[in-house]
Amino acid sequence: MLLDSKFNPEISINSGQMFLWEKYKNSWYGTYGSLILKFSITNNEIEFCSAPKFDNWEHFIFRLDDNIQNIFSNFSNDIILPKLLKRYTGLRLIRQDPHQCMISFACSSNTNISMIRTMLKNLSMKFGIKKQIDNKIFFTFPAMKNLYKASINELCSCSVGYRAKAIKSIAEKMVTGALTIDELYRCKYDDARKILTSIYGIGNKIADCILLFSLEKTEAFPIDVWMGRAIFMYYKRLIDNRKVTIINTNKKLSDNQYSILSEMMRNHFGKYGGYAQQYLFYHIRNTKMKKW
DNA sequence: CGCCAGGCAACGG
DNA sequence: CCGTTGCCTGGC
């Protein structure tokens with residue numbers, strides 16, 4: 001495949017949510033559940049493979065069927081998104097494995113990306129399956145069954161701290177069949193979010209990340225502290241002051257404030273607002289943060 | 001040492 | 001509804 005302006009896998013990985021990807025020389029390796037994915041770039045040519053074989057995985061993972069131009073035509077009146085589309089060419093929304101996505105974001109509370117990566121790598125080494133590819137060692141993402149069986153102490157040995165309880169409660173729902181991925185796929189955004197937030201350890205923000213990155217809810221608009229800052233910078237005029245009085249960018253949003261702002265952004269951007277979120281998120285971190 | 005980082009739950013007003 | 005508090009961990 002030829003690298004072109006519609007798709008740049010490296011910038012998509014750098015956007016932050018593809019936690020378990022590593023670069024060696026001119027190749028990237030990453031985990032999608034029980035698959036190890038790989039792509040290599042030489043000159044302007046890019047080549048994809050995987051183990052076990054999953055033909056055209058890049059098509060699925062990077063949502064290459066989505067027509068970015070069409071999607072952004074919904075944002076043409078927005079104050080900044082048309083600029084961001086030009087500036088971050090090739091940035092895609094990604095599909096993650098739903099189980100992996102739930103655990104990944106359950107690990108994300110009150111910490112940073114590098115720590116999330118450490119936790120997930122530790123969990124994979126302890127509870128995943130070892131694979132050798134190109135003389136390098138990788139681990140598949142742990143099966144829910146193994147996380148469910150693990151003791152809190154075993155989970156804690158992966159440096160997840162108090163998040164161990166959340167990991168177990170998610171794994172329990174999935175293993176016992178109290179909740180299925182299929183059910184979440186079929187539900188509408190609102191219903192799926194309610195189900196997710198009823199699980200211990202999953203609040204508003206983490207639910208929105210899971211919905212957007214793994215459950216086909218492209219309207220989901222996660223608001224972390226960075227997105228809160230972006231809203232404060234660019235979308236203050238949209239805020240109904242009768243509902244949300246002040247946004248202090250140093251303070252975390254209350255549940256109610258989160259709901260109001262997230263709904264406001266969904267109304268503003270519509271069905272593919274998650275794409276807007278992806279570009280805004282990349283932009284605000286890219287410009288306001290010194291390093292990743 | 002103290003403070004902070006891509007939230008959450010539990011609790012008191 | 002709001003605000004406060006504690007929480008594992010590693011980096012600074």
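Note that these values count all heavy atoms, side chains included, but never hydrogens, waters or copies made by symmetry. The sequence lines fix the lettering, A, B, ..., with proteins before strands; numbering per chain opens at 1.
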Rounded to the nearest Å, what distance is computed from the [atom1] atom of residue [X] to the [atom2] atom of nucleotide [N]?
| X | N | atom1 | atom2 | value |
| --- | --- | --- | --- | --- |
| A:K252 | B:dC8 | NZ | P | 10 Å |
| A:K165 | B:dA9 | NZ | P | 10 Å |
| A:K121 | C:dG10 | NZ | P | 14 Å |
| A:R117 | C:dG10 | CZ | C1' | 15 Å |
| A:Y258 | B:dC8 | OH | C1' | 13 Å |
| A:K251 | B:dA5 | NZ | P | 15 Å |
| A:M115 | B:dG7 | CE | P | 15 Å |
| A:I152 | C:dT9 | CD1 | P | 12 Å |

Contact class for [X] vs. all strands (heavy atom < 4.0 Å): base, sugar-phosphate, or nothing?
| X | answer |
| --- | --- |
| A:I116 | nothing |
| A:I199 | sugar-phosphate |
| A:D255 | nothing |

Nucleotide of [options] approaching [X] most closely (side-chain heavy atoms):
| X | options | answer |
| --- | --- | --- |
| A:S159 | C:dC2, C:dC8, C:dT9 | C:dT9 |
| A:N256 | C:dC2, C:dC7, C:dG10 | C:dC2 |
| A:N110 | C:dT9, B:dG7, C:dC2 | B:dG7 |

- Query: For A:S262 and A:R266, does a side-chain donor sit closer than 3.5 Å to a side-chain acceptor?
  - Reply: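 There is such a pair between these side chains.
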- Message: Whether A:K38 and A:E47 form a salt bridge (side-chain N of Lys/Arg under 4.0 Å from carboxylate O of Asp/Glu) is what I want to check.
- Response: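 No, this pair does not count.
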- Please name the pair of heavy atoms, one in A:Y185 and one in A:K217, separated by the smallest distance, quoted to 0.1 Å.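 In this case the closest contact between A:Y185 and A:K217 is O-NZ, 3.1 Å.
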- Task: Between B:dC8 and C:dG11, how far apart are the P atoms? Round to whole Å, please.
- Result: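 Each nucleotide's P atom is 24 Å from the other's.
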- Between A:D240 and A:R242, is there a donor-acceptor pair closer than 3.5 Å when you use the side chain of the first and the backbone of the second?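 Yes, the answer is positive, given that a donor and an acceptor are paired below the 3.5 Å cut-off.
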- Is NZ or CZ of A:K136 both nearer than 6.0 Å to the six-membered ring centre of A:Y24 and within 45° of the ring axis?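 Cation-pi check for A:K136 and A:Y24: passes.
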- Message: Between B:dG7 and A:Y162, counting only base atoms on the nucleotide and side-chain atoms on the residue, is there a donor-acceptor pair under 3.5 Å?
- Response: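 Side chain to base: pair found, below 3.5 Å.
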- Any N or O donor-acceptor pair linking the side chain of A:K205 to the base of B:dG7 at under 3.5 Å?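 Under the 3.5 Å cut-off, the side chain and the base do not form any donor-acceptor pair.
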- According to the Watson-Crick and G-U wobble definitions, with both distances under 3.5 Å, which nucleotide is paired to C:dT5?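 Partner of C:dT5: B:dA9.
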- So which one's nearest nucleotide on DNA chain B is more toward 5', A:F105 or A:Y200?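 The answer here is A:F105.
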- Task: Specify the residue among A:T197 and A:N112 whose closest nucleotide of DNA chain B lies further upstream toward the 5′ end.
- Result: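 The residue closer to the strand's 5' end, by nearest nucleotide, is A:N112.
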